[in-house]
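Notes follow once the structure below has been shown.
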Amino acid sequence: MRILPEISRTFGEYLLVPNLTDEDCTPGNVDLSTPLVRHPVGQESPIRIATPLVSAIMGAVSSPQLAIALAQVGGLSFIHQNQPIAEQAGMVSAVKKHKAGFRHNDVNIEPTATLGEADELLRSTGRQVVVVTDDGTPSGLFLGMITAQDFNFHRHQIGDAVETRMRRGAALVTGTPGMSLTTANELLWDSRQDVLPLVGDDGRVTALVQRRDYELHKQFSNETVDASKQFRVGAGVNTHDYRERIPALVDAGADVLCLDSSDGYSVWQKHVIEFVRKEYGDDVRIGAGNVVDARGFDYLAEAGADFVKVGIGGGSICITRDQKGIGRGQASALAEIVTARDAYAEETGMYVPLCSDGGVLHDSHMAIAFAFGADFLMLGRYFARFTESPAPLVKVRGQALKEYWGEGSARARNVARYGQGSELAFEEGVDGYIPFAGSLYDNVKVTLAKLRSTMVSCGSTTLRRFHDTAMLVQVSQQTFVQNSEDIERNERPTVV
Ligand SMILES: NC(=O)C1=CN([C@@H]2O[C@H](COP(=O)(O)OP(=O)(O)OC[C@H]3O[C@@H](n4cnc5c(N)ncnc54)[C@H](O)[C@@H]3O)[C@@H](O)[C@H]2O)C=CC1
Ligand SMILES: O=c1[nH]c(=O)c2[nH+]cn([C@@H]3O[C@H](COP(=O)(O)O)[C@@H](O)[C@H]3O)c2[nH]1
Ligand SMILES: [K+]
């Protein structure tokens with residue numbers, strides 16, 4: 001037995017002390033881009049992301065819709081692996097089919113369906129338009145489009161047919177498959193339509209170009225896309241069915257894989273990385289974890305992991321520390337592993353990025369994690385709160401909430417991992433609710449503005465410099481209560 005000579009610390013126990021801010025150090029000059037996968041020191045990582053945030057490998061968090069939104073703002077999602085292989089591969093390919101600027105046509109309805117059904121489809125998918133095809137499928141013949149502006153239940157009956165209100169194909173301006181995005185956008189603006197369908201010679205819709213996407217593209221010019229302008233997407237894998245799951249995900253177009261486990265310091269993870277290298281060389285990138293000390297990092301880096309994920313028991317839905325008694329404060333774990341990462345880079349010439357996973361409760365914790373030296377952050381609770389997450393939105397006593405459950409909870413039905421048949425021996429996660437926070441686009445914008453502002457106060461315009469020069473101080477509990485304890489909060493609505 002050995003006891004580490006330290007107290008295990010979390011993000012909330014630290015504050016940053018500002019450094020000198022000079023004329024060039026402005027929020028507009030801050031570059032938040034970061035390497036995602038291993039690369040020789042001094043060279044570019046083969047995959048970089050402009051926004052250093054990735055969504056957790058969780059059923060309540062990472063769906064195609066969230067993955068597309070997050071890629072639009074420069075981050076990356078990891079589609080969860082706690083589902084049949086074909087379903088996960090289907091989600092990956094749904095993201096890949098969504099070329100930036102060109103939306104995959106996947107929400108369709110028959111002309112004889114009711115306006116009530118069209119309304120439900122618009123709401124449940126969060127889309128602006130439903131494409132009407134003769135058989136209601138994406139491969140049916142294009143007949144027209146229906147949007148929320150085309151009907152109103154004060155004027156029209158819920159049971160009226162879609163064909164009574166849809167805009168007919170003949171009256172719409174359409175584009176042709178293969179046209180450039182610039183041409184398509186020109187047509188869209190000339191037509192004054194919100195959506196331009198691209199219709200092939202066979203009368204089928206291949207893609208949609210939306211005005212909202214154009215505006216988003218202008219707003220977020222740092223989309224995470226591959227060489228053919230398709231959004232990048234990651235996928236979780238496990239150490240059990242990887243021989244079948246990995247080839248299916250690679251075929252579906254996954255850009256990067258990540259082992260999803262509470263404990264990555266195992267020979268099982270080494271076997272999976274070896275499998276990937278043998279089958280695909282460096283063409284397929286795979287992150288590994290989670291670990292909480294330098295031994296775990298060195299083992300996975302040596303095994304060839306493309307990035308290493310840090311964090312055991314720090315997640316908002318985690319009960320691993322109670323159930324198994326394993327874990328470590330996220331700040332302490334990161335501090336040790338950052339040193340190991342830099343030593344490994346020095347010795348081998350290979351930089352293996354670190355992902356800090358879990359435990360971000362406030363936006364300020366993100367800044368602390370980057371100051372400690374994380375290359376990017378994986379977030380569960382943060383993204384589950386948004387409109388785009390797959391978690392159901394519910395109302396409890398008038399408050400809008402999103403459901404959020406851990407991958408180790410009974411709800412996730414992650415029974416295979418324990419190798420104990422259909423009985424889940426014990427739970428390792430919570431199944432609960434968190435306050436609904438609105439759209440990912442609005443929230444990420446505010447979060448990144450805060451991060452830029454913190455970095456400016458600390459005199460840094462890059463994450464690396466921020467880490468190299470950050471001065472952190474450990475605080476007493478009293479520091480947080482002292483300045484607001486006798487103020488009654490004025491409950492004005494705020495952006496979370
Ligand atoms: N980050 C965290 O603190 C935590 C995360 N979770 C999440 O819960 C989910 C499940 O995680 P785990 O329970 O760690 O799943 P896991 O599948 O990695 O491990 C479950 C058990 O199976 C064993 N095992 C793994 N591969 C094996 C193989 N090929 N042959 C024989 N035995 C093997 C492991 O040693 C372990 O005892 C993941 O989504 C994870 O992210 C759960 C708890 C904590
Ligand atoms: O103890 C746990 N039981 C679970 O059921 C569970 N599910 C996910 N995770 C881990 O938590 C991370 C997300 O954490 P946050 O919500 O704090 O962002 C995730 O990224 C995971 O690392 C779990 N941990
Ligand atoms: K272990």
Side-chain angles (χ1 to χ4, degrees), residues 10-12 53-62 77-83 88 234-245 258-275 287-293 295-296 299-300 308-330 333 355-363 365-366 369 376-386 389 391 402-420 424-432 434:
T10 65
F11 294 139
L53 308 179
V54 305
S55 68
I57 312 170
M58 299 175 71
V61 180
S62 295
S77 280
F78 285 89
I79 300 292
H80 72 100
Q81 53 90 18
N82 194 5
Q83 58 178 327
Q88 189 189 13
V237 295
N238 60 56
T239 50
H240 307 275
D241 61 11
Y242 58 97
R243 288 172 195 283
E244 296 81 42
R245 193 173 290 269
C258 184
L259 280 158
D260 176 25
S261 168
S262 63
D263 172 12
Y265 191 11
S266 78
V267 71
W268 312 122
Q269 297 224 342
K270 187 168 185 265
H271 290 169
V272 178
I273 298 167
E274 283 167 357
F275 170 80
N290 287 8
V291 295
V292 286
D293 72 356
R295 295 172 307 157
Y299 181 80
L300 293 176
V308 172
K309 202 145 69 71
V310 179
I312 298 180
S316 56
I317 30 55
C318 279
I319 51 172
T320 280
R321 291 176 186 173
D322 309 337
Q323 294 287 64
K324 286 172 59 182
I326 64 163
R328 192 176 189 186
Q330 192 67 5
C355 172
S356 174
D357 177 16
V360 167
L361 268 182
H362 303 289
D363 287 353
H365 292 170
M366 297 189 193
F376 57 100
L377 311 183
M378 178 171 276
L379 309 163
R381 192 198 64 93
Y382 177 80
F383 287 117
R385 300 173 305 150
F386 301 151
S389 87
K402 275 275 200 171
E403 295 187 33
Y404 183 40
W405 60 94
E407 289 305 299
S409 69
R411 176 163 183 174
R413 297 187 200 289
N414 195 350
V415 288
R417 69 201 168 95
Y418 292 114
Q420 295 178 3
L424 185 65
F426 61 94
E427 280 192 274
E428 245 180 282
V430 175
D431 178 3
I434 45 177

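Every number for a ligand or one of its atoms is a count from 1 in the order of the listing. Just so you know, residue 1 is the first one in the sequence shown, and it goes up from there.
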Candidates Val430, Val61, Asp431 - the one meeting side chain to side chain contact (heavy atoms under 4.5 Å, CB included) with Tyr404:
Val61
Has Ser409 got any heavy atom lying under 4.0 angstrom from an atom of ligand 2?
yes
Please list the nearest protein heavy atom to atom 3 (N) of ligand 2 with its residue and the distance rounded to 0.1 Å.
Glu428 O, 2.4 Å
Can you find a non-hydrogen atom of Cys318 under 4.0 Å from ligand 1?
yes
If we only consider heavy atoms of Tyr404, is any one of them less than 4.0 Å away from an atom in ligand 2?
yes
Taking atom 5 (O) of ligand 2 as the reference point, the nearest protein heavy atom with its distance
Gly408 N, 2.5 Å
Show the atoms of ligand 2 that are less than 4.0 angstrom away from any heavy atom in Gly429.
3 (N), 4 (C), 5 (O)
Considering only heavy atoms of Gly358, which atoms of ligand 2 have at least one such atom less than 4.0 Å away?
14 (O), 15 (P), 17 (O), 18 (O)
closest protein heavy atom to atom 17 (O) of ligand 2 is Ser316 N, 2.8 Å
Distance under 4.0 Å to a non-hydrogen atom of Asn290: what atoms of ligand 1 satisfy this?
1 (N)
Quick check on Asp260 - does any of its heavy atoms sit under 4.0 Å from an atom of ligand 1?
yes
Measure the distance from atom 19 (C) of ligand 2 to every protein heavy atom, then report the residue, atom name and distance (to 0.1 Å) of the closest one.
Asp357 OD1, 3.4 Å
Applying a strict 4.0 Å limit to heavy atoms, is Gly359 in contact with ligand 2?
yes
If you have a sec, work out which protein heavy atom is nearest atom 11 (O) of ligand 2 and how many Å separate them, to one decimal?
Ile317 CD1, 3.7 Å
Using non-hydrogen atoms of the residue, decide whether Gly358 is closer than 4.0 angstrom to ligand 1.
no
Compute the shortest N/O to N/O distance between Gly380 and ligand 2 and return yes if it is under 3.5 Å, no if not.
yes
Could you tell me which N, O or S atom of Asp263 is nearest to the K ion (ligand 3)?
OD2
Within ligand 2, which atoms have a heavy atom of Arg381 less than 4.0 Å away?
15 (P), 16 (O), 18 (O)
Of the backbone and side-chain N, O or S atoms of Ser266, does one lie nearer to the K ion (ligand 3) than 3.4 Å?
no
Is the closest heavy atom of Ile57 to ligand 1 under 4.0 Å?
no
Whether Gly313 lies under 4.0 Å from ligand 1, heavy atom:
yes
Which heavy atom in Val360 sits nearest to a heavy atom in Phe11, and how many Å separate them?
CG2-CE1, 4.3 Å
Give the atoms of ligand 2, by number and element, whose distance to some non-hydrogen atom of Ile319 is under 4.0 Å.
1 (O)
Protein heavy-atom partner closest to atom 2 (C) of ligand 2 - residue, atom, separation in Å:
Cys318 SG, 2.9 Å
Output for pair (Asn290 CG, Met378 CE), nearest 0.5 Å, gives 8.0 Å
Compare Ala60, Gly315, Gly311, Ser261 and give the one whose heavy atom is closest to atom 14 (O) of ligand 2.
Gly315
Minimum heavy-atom distance Gln269-Ser261, with the two atoms named
NE2-CB, 3.6 Å
Ranked by distance from atom 7 (N) of ligand 2, the top protein heavy atom is Glu407 N, 2.8 Å
One finds that the ligand 1 atoms under 4.0 Å from a non-hydrogen atom of His240 are 17 (O), 22 (O), 24 (N), 25 (C), 26 (N), 27 (C), 33 (C)
Between the candidates Ser262, Gly289, Ala412, which shows the shortest non-hydrogen contact distance to atom 14 (O) of ligand 1?
Ser262
